[in-house]
K.L.:
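Shown below is the structure under consideration.
The sequence lines fix the lettering, A, B, ..., with proteins before strands; numbering per chain opens at 1.
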2 protein chains.
Amino acid sequence: MPLRQAQKERTREAILAAALQLSHDAGLSQLSLRQVTRAAGVVPTAFYRHFDSMEEVGLALVEQSFMTLRRMIRDAQRDPEVVDNLIDASADVLVAAVKQNREHFAFVARERLGGPAPVRDAIQHELELFISELAVFLARVPELQSWSSDDVTMVAGLFVRNMVYRAEQVVATPDGRPDLEEEIKRKARREMRMIVLGFEKWRS
Amino acid sequence: MPLRQAQKERTREAILAAALQLSHDAGLSQLSLRQVTRAAGVVPTAFYRHFDSMEEVGLALVEQSFMTLRRMIRDAQRDPEVVDNLIDASADVLVAAVKQNREHFAFVARERLGGPAPVRDAIQHELELFISELAVFLARVPELQSWSSDDVTMVAGLFVRNMVYRAEQVVATPDGRPDLEEEIKRKARREMRMIVLGFEKWRS
DNA sequence: GAAGTCAGTGAACGCGTGTGCACTCAAATA
DNA sequence: TATTTGAGTGCACACGCGTTCACTGACTTC
């Protein structure tokens, strides 16, 4: 990559990182351009070389956040342990992923309903995409082979909703408390099992 | 009530109503004092006769919102139809309540994660209170008599989470679409049934 | 090595903001 | 009826904001 372009990329990342961090206190929408550029170590007008508005920054952050999530599920599909023991393993994967990308998950949780309309819509859209992807994955799990594709999609939806809720909890959990994290995992697992059990009973 | 005090109350209501309405577009936290007082038909400095900050307005709105909710569940407990046919009836009650208090529910959904910390905490607290109240109600339902109080509380938690999620959906639904509302009710009912089924299977 | 490109600069602007303060004048009190 | 109270007023101020524009100077291209 040409040096010029690389430096531009670095500044862009700095702006995104600053916005992500600052939005944690007050939400994306009441973030000021000057505040963000100050934190990014750049002059206010430089912002316009990268984004037209703060909203665009928000969309870029949504993109970043879900890239992480997509990578997570792609890796999980290759891991035989996850396929064998879906529920236990996916609770571990979820908590680990949220811990490693705490700020991104907090951003998504906060802006999913609290953000500007275009950001809200983008998050909603990404979540629906994620549900579809998860459904494709679940359809390959032996126990669910006999299920209709509608039912699998509905289970995927419930799992993702559970995931969003647990992510909210992990984000709200202080950093050095593995006991609380275990509790959240335990509840997440129990709930996923109940979803499957309830579904089986419902179908019968 | 003395005339003076009555007039003060009216202005206070006007400020709250203006804040509720305006926050729908952009969120409570990026609402300006002047904007709100302008919409309330009062001069900016008059604001301070009623509130110290916008945050305090937010807390008052949380209070208002949950008063509605509490009245709703209290009425429902007296209605024999609800007790007999808990799941179907409560889905109806929920959708009706959200429709009648759309702005308050939207406010709670939005500010639950997107609002200022004190408002978020207040909403969280009210939701936990509501779960307890619902658990007391559920404990009196015949089918659940044999359940442990922990299990009943957990079901109440799942019901409330379902409720919050459905409220988000109803709020996002345009007004004149009874078909979409029916769809949401249908899903809410199905999910509550699955929760109970999954729980029964889990306990066995 | 000269010419061109373009990420980042810095001064300037008009605007809406929160808040302080002295005020009015109807309602409440005595 | 005379006095006090206090909800709402109107002006002023300092401040941070988004955006404009002409600029610089290192990197890229030729």
K.L.:
Pick the closest DNA chain C nucleotide for B:Pro2 and for B:Tyr48 by heavy atoms, then say which residue is nearer the 5' end.
P.N.:
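Its nearest nucleotide being more 5', the pick is B:Tyr48.
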K.L.:
To the nearest Å, how far apart are A:Leu33 CG and C:dG10 C1'?
P.N.:
15 Å
K.L.:
What's the angle between the local helix axes at either end of the helix from C:dG1-D:dC30 to C:dA30-D:dT1, using five pairs per end and rounding to 10 degrees?
P.N.:
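Helix axis angle between the two ends: 20°.
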K.L.:
How many Å lie between CD on A:Glu13 and P on C:dA7, as a whole number?
P.N.:
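It is 16 Å, rounded to the nearest whole Å.
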K.L.:
Check the distance between C:dG8's C1' and A:Arg38's CZ and give it to me in whole angstrom.
P.N.:
17 Å
K.L.:
Using 4.0 Å as the upper bound for N to carboxylate O, is an ion pair formed by A:Arg70 and A:Glu126?
P.N.:
yes
K.L.:
Are the side chains of B:Gln64 and B:Phe107 in touch, meaning some heavy atoms are under 4.5 Å apart?
P.N.:
no
K.L.:
In whole angstrom, give the distance that lies between atom CD of A:Gln7 and atom P of D:dG25.
P.N.:
17 Å
K.L.:
I need the CZ-C1' distance between A:Phe51 and C:dG8, as an integer number of Å.
P.N.:
15 Å
K.L.:
Which nucleotide in the set D:dC17, D:dG6, D:dT19 lies at the smallest distance from any side-chain heavy atom of B:Arg4?
P.N.:
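So the nucleotide nearest the side chain must be D:dG6.
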K.L.:
Any idea which heavy atoms bring A:Leu59 and A:Val119 closest together, and the distance?
P.N.:
CD2-CA, 4.0 Å
K.L.:
Side chain of B:Pro44: nearest nucleotide among C:dT19, D:dG18, C:dG18?
P.N.:
C:dT19
K.L.:
Side chain of B:Ala46 only, please: which of D:dT9, C:dA28, D:dT28 is the nearest?
P.N.:
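The nucleotide sitting nearest to the side chain is D:dT9.
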K.L.:
Answer whether the closest heavy-atom distance between the side chains of B:His50 and B:Leu16 falls below 4.5 Å.
P.N.:
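No. Closest side-chain heavy atoms not under 4.5 Å.
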K.L.:
Which nucleotide in the set C:dG8, D:dT9, D:dT5 lies at the smallest distance from any side-chain heavy atom of B:Val43?
P.N.:
D:dT9
K.L.:
Could you tell me whether the side chain of B:Leu69 reaches within less than 4.5 Å of the side chain of B:Asn101, counting heavy atoms only?
P.N.:
no
K.L.:
Given C:dA7, is OP1 or OP2 found less than 4.0 Å from the side-chain N or O atoms of A:Thr11?
P.N.:
no
K.L.:
Round to the nearest Å and state the distance from B:Gln30 atom CD to C:dG16 atom P.
P.N.:
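That distance rounds to 16 Å.
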K.L.:
To the nearest Å, give me how far apart CG (B:Asp52) and C1' (C:dG20) are.
P.N.:
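About 15 Å, once rounded to whole Å.
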K.L.:
As a test of reading the structure: which of D:dT9, D:dT19, C:dA28 is closest to the side chain of B:Val42, going by heavy atoms?
P.N.:
D:dT9
K.L.:
Out of D:dC27, D:dC17, D:dT5, which nucleotide sits closest to the side chain of A:Leu3?
P.N.:
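Output: D:dC27.
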K.L.:
Starting at the 5' end of DNA chain D and moving along, which residue's nearest nucleotide shows up first, A:Ser53 or B:Lys8?
P.N.:
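Whichever sits nearer the 5' end wins; that is B:Lys8.
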K.L.:
Can you confirm whether A:Pro116 sits close enough to A:Met54 that some side-chain heavy atom of one is under 4.5 Å from a side-chain heavy atom of the other?
P.N.:
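The answer is no; the side chains never approach within 4.5 Å.
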K.L.:
Can you find a side chain N or O atom of B:Ser32 that sits less than 4.0 Å from OP1 or OP2 on C:dT17?
P.N.:
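Looking at the OP1 and OP2 atoms of C:dT17, one of them is under 4.0 Å from a side-chain N or O of B:Ser32.
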K.L.:
Starting the side chain at C-beta, find the nucleotide from C:dG18, D:dC17, C:dG8 nearest to A:Arg34.
P.N.:
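In terms of side-chain proximity for A:Arg34, the closest of C:dG18, D:dC17, C:dG8 is D:dC17.
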K.L.:
Within 45 degrees of the ring normal and closer than 6.0 Å to the centroid, is that where the cationic atom of A:Arg203 sits relative to A:Trp147?
P.N.:
yes
K.L.:
Take the protein atom CZ of A:Phe47 and the nucleotide atom C1' of C:dA7, then report the distance between them rounded to whole Å.
P.N.:
15 Å
K.L.:
Salt bridge between B:Glu13 and B:Arg10, side-chain N to carboxylate O under 4.0 Å?
P.N.:
no
K.L.:
Hey, does the side-chain of A:Thr45 have a donor or acceptor N/O within less than 3.5 Å of a partner on the base of C:dG10?
P.N.:
yes
K.L.:
Go through the N and O atoms of the side chain of B:Arg49 and the base of D:dG8, and report whether any donor-acceptor pair is under 3.5 Å.
P.N.:
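Indeed, a donor on one side and an acceptor on the other fall under 3.5 Å apart.
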